[in-house]
S.K.: 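What follows is a structure written as structure tokens; I'll ask about it next.
These numbers come from a predicted model, not from an experiment. Note: hydrogens, waters and symmetry copies are ignored here, and every other heavy atom, side chains too, is used. Atoms within each ligand, like the ligands themselves, are counted from 1 in listed order. We're numbering straight along the sequence, starting at 1.
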Amino acid sequence: MPHGLTGVLEEWKSLEEEYQQLQETHRLYLQKLDEFSKIQKNCSSSISSQRKRLKDMSHLMKKCSTGASEEDAKTLDEIKEKMKMWPNTFSEMETFLPSKNGLYLHLVLGNVNVTLLTKQSKFAYKDEYEKFKLCLTVLLLLFSFICYFFVSYRFLDAILNFLLVWYYCTLTIRESILITNGSRIKGWWVFHHYVSAFLSGVMLTWPDGKLYKTFRNQFLAYSLYQSFVQCLQCYYQSGCLYRLRALGERHNMDLTVEGFQSWMWKGLTFLLPFLFFGHFWQLFNGLSLLRMAQLPDCTEWQVLMCSLSFLILFMGNFFTTVAVVRQKLKSRNQKPKSL
Ligand code: COA
């Protein structure tokens, strides 16, 4: 037998063994996957059955409590107290189980499962979302800067507005996925992105006339400022995310709950004046456009639509931010949130 062939045969044997091993590992993988999806289904149906039974139990207890003795009432209260936490636990469990997509995600993505099954992958997705926001915000900042200071060309303005529409639409999708995965983003911020996408879309269609030119610089300066504030906001929110992760995983023992709280408050008090200034700039834009819409030579519907959008943004942003700050002040001495 030629020497070369022995080498080939030896290599083939080892390759074949590895191939058999791979097949065995893959078979095991499929088997585990099957078991895994069975456990998932089991958990999901147990949760729905528990929810139903809990509801029935509440009715039963209500009936039982009328005319109950003092001791019975005490027992019922104890059960009630224990039951209180259950719905929260169920919701938390559900964030690790496949769920049906809401209407919006169903329309955009179809019926694909978007639940991330581990805490690490949830954090990684959120982290990537913050990075995406930051990159796009920096790009928008540069674009608005160029349009404001260097070139006055309707075509470039249109590209800026198109970028804004695309950015906000993407955010609505990403945020719906985050919410499915247990994020507590307030409904307003998601709605804010729909309104902003609408506003940028309307700006995109506004014809290049006298009125557009009057509002152009004010809008570009506002975009510039908003991108700047969003950079600060991204910095604050990814800071919160990193600290929460360190707290959750207990990798970094230097970080305490108090440490997180004090960092959060420092960040928030620094950010708030910029945020409120931005909100009042939105109000100013809304009122300027409203005045413009009342001019006799204003024939463009875009003016009124943009004005209404700015006013809605102002009200939503202002009141939601005030509510967030009030809620944070209230729970200042309580334990921090965890994802
Ligand atoms: N957009 C997207 N997600 C937001 C958000 C926003 N504006 N505000 C809060 N969230 C998310 C948080 O990341 C967090 O997510 P998680 O549950 O996945 O961790 C969740 O919502 C709950 O956040 P909360 O604790 O209520 O607030 P926060 O400390 O993260 O942020 C503010 C507080 C006030 C800084 C933030 O809400 C904010 O920046 N608001 C102002 C936005 C604005 O007005 N923009 C226009 C500027 S001109």
S.K.: Looking at Phe191, I'd like to know if its CZ atom is crowded, meaning that more than 12 non-hydrogen atoms belonging to other residues, nucleotides or ligands lie closer than 6.0 Å.
M.R.: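 Count not over threshold, so no.
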
S.K.: Counting from 1, what ligand 1 atoms have a heavy atom of Gln237 closer than 4.0 Å?
M.R.: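 Those of ligand 1 that fall under 4.0 Å from Gln237 are 4 (C), 5 (C), 8 (N), 9 (C), 10 (N), 12 (C), 13 (O), 28 (P), 30 (O), 31 (O), 36 (C).
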
S.K.: In terms of side-chain heavy atoms, does Tyr104 have a donor or acceptor partner in Thr172 at a distance below 3.5 Å?
M.R.: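 On atom types as modelled, these side chains qualify, holding a pair under 3.5 Å.
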
S.K.: Looking only at heavy atoms, is any part of Tyr236 under 4.0 Å from ligand 1, and if so is it the side chain, the backbone, or both, or is it neither?
M.R.: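 Just the side chain.
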
S.K.: Does the pair Asp297/Lys210 count as a salt bridge with the N-to-O cut at 4.0 Å?
M.R.: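 A salt bridge is present here (some side-chain N lies under 4.0 Å from a carboxylate O).
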
S.K.: Have a look at ligand 1 and work out which part of Leu178, if any, has a heavy atom under 4.0 Å from it: side chain, backbone, both or neither.
M.R.: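 Neither; nothing of Leu178 gets under 4.0 Å from ligand 1.
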
S.K.: Report whether Leu204 and Leu164 are members of the same hydrophobic cluster (ILVMFWY, side-chain heavy atoms less than 4.5 Å apart, transitive linking).
M.R.: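 The answer is no; the residues belong to distinct hydrophobic clusters.
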
S.K.: Hey, is ligand 1 close enough to Lys186 that some N/O pair sits below 3.5 Å?
M.R.: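 Yes.
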
S.K.: Side chain, backbone, both or neither: which part of Val325 has a heavy atom under 4.0 Å from ligand 1?
M.R.: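 The answer is neither.
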
S.K.: Can you list the atoms of ligand 1 that are under 4.0 Å from a heavy atom of Leu271?
M.R.: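 Heavy-atom distances to Leu271 below 4.0 Å select 35 (C).
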
S.K.: Salt bridge check, Arg51 against Glu94: does any charged N sit closer than 4.0 Å to a carboxylate O?
M.R.: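 Yes, Glu94 and Arg51 are salt-bridged.
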
S.K.: What atoms of ligand 1 come within less than 4.0 Å of a heavy atom belonging to Lys133?
M.R.: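 The list of qualifying atoms is 1 (N), 2 (C).
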
S.K.: Between Lys126 and ligand 1, which residue portion shows a heavy-atom distance shorter than 4.0 Å: side chain, backbone, both, or neither?
M.R.: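 The part of Lys126 near ligand 1 is the side chain, not the backbone.
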
S.K.: I need the atoms of ligand 1 closer than 4.0 Å to a non-hydrogen atom of Leu268, numbered in the order shown.
M.R.: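 The atoms of ligand 1 under 4.0 Å from a heavy atom of Leu268 are 35 (C).
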
S.K.: Distance under 4.0 Å to a non-hydrogen atom of His279: what atoms of ligand 1 satisfy this?
M.R.: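 Result: 43 (C), 44 (O).
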
S.K.: Verify the neighbour count for atom CH2 of Trp301: are there more than 12 heavy atoms of other residues, nucleotides or ligands below 6.0 Å?
M.R.: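 Yes, because the 6.0 Å sphere around CH2 of Trp301 holds more than 12 heavy atoms from other groups.
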
S.K.: Considering only heavy atoms of Ser183, which atoms of ligand 1 have at least one such atom less than 4.0 Å away?
M.R.: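 Result: 15 (O), 16 (P), 17 (O), 18 (O).
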
S.K.: Is it the side chain, the backbone, both or neither of Arg174 that has a heavy atom closer than 4.0 Å to ligand 1?
M.R.: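 No part of Arg174 is near ligand 1 at this cut-off.
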
S.K.: For Leu313, state whether at least one heavy atom is located under 4.0 Å from any atom of ligand 1.
M.R.: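 The answer is no, since Leu313 has no heavy atom less than 4.0 Å from ligand 1.
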
S.K.: Looking at non-hydrogen atoms alone, which of Leu275, Val322, Thr321 comes nearest to atom 47 (C) of ligand 1?
M.R.: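 Among Leu275, Val322, Thr321, the closest heavy atom to atom 47 (C) of ligand 1 belongs to Leu275.
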
S.K.: Is there a donor-acceptor contact under 3.5 Å linking the side chains of Trp206 and Glu300?
M.R.: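 Side chains of Trp206 and Glu300: pair found under 3.5 Å.
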
S.K.: Could you say whether the N/O atoms of Glu175 and ligand 1 ever approach to under 3.5 Å?
M.R.: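 The answer is no, given that Glu175 and ligand 1 share no N or O pair closer than 3.5 Å.
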
S.K.: Check each of Tyr225, Phe219, Phe228, Phe274 against Trp281 using the ring-ring contact (aromatic ring centres under 6.0 Å, His included) test, and report the only one that passes.
M.R.: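 Of all the options given, the one that passes is Tyr225.
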
S.K.: Under 4.0 Å between a side-chain nitrogen and a carboxylate oxygen: does that hold for Lys13 and Glu16?
M.R.: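 No, this pair does not count.
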
S.K.: Hey, is Tyr129 touching ligand 1 through its side chain, its backbone, both or neither, going by heavy atoms under 4.0 Å?
M.R.: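 Tyr129 to ligand 1: side-chain contact only, backbone stays beyond 4.0 Å.
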
S.K.: Checking contacts here: is it the side chain or the backbone of Ile185 that comes within 4.0 Å of ligand 1, counting heavy atoms only? Could be both or neither.
M.R.: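 For Ile185, backbone and side-chain atoms both sit under 4.0 Å from ligand 1.
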
S.K.: Just to be sure I read this right, does ligand 1 sit under 4.0 Å from the backbone of Arg184, its side chain, both, or neither, counting only heavy atoms?
M.R.: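 Both parts.
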
S.K.: Assess whether a salt bridge exists between Lys38 and Glu35, defined as any Lys/Arg side-chain N lying under 4.0 Å from an Asp/Glu carboxylate O.
M.R.: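 Salt bridge: no.
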
S.K.: Take atom OH of Tyr153 as the centre, draw a 6.0 Å sphere, and report whether it contains more than 12 heavy atoms from other residues, nucleotides or ligands.
M.R.: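 Counting other residues, nucleotides and ligands, OH of Tyr153 stays at 12 neighbours or fewer.
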
S.K.: Would Tyr212 and Gln302 count as having a side-chain donor-acceptor pair, cut-off 3.5 Å?
M.R.: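 Absent: no donor and acceptor within the cut-off.
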
S.K.: Counting only heavy atoms closer than 4.0 Å, does ligand 1 sit against the backbone of Lys328, its side chain, both, or neither?
M.R.: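 For Lys328, the contact with ligand 1 is made by the side chain alone.
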
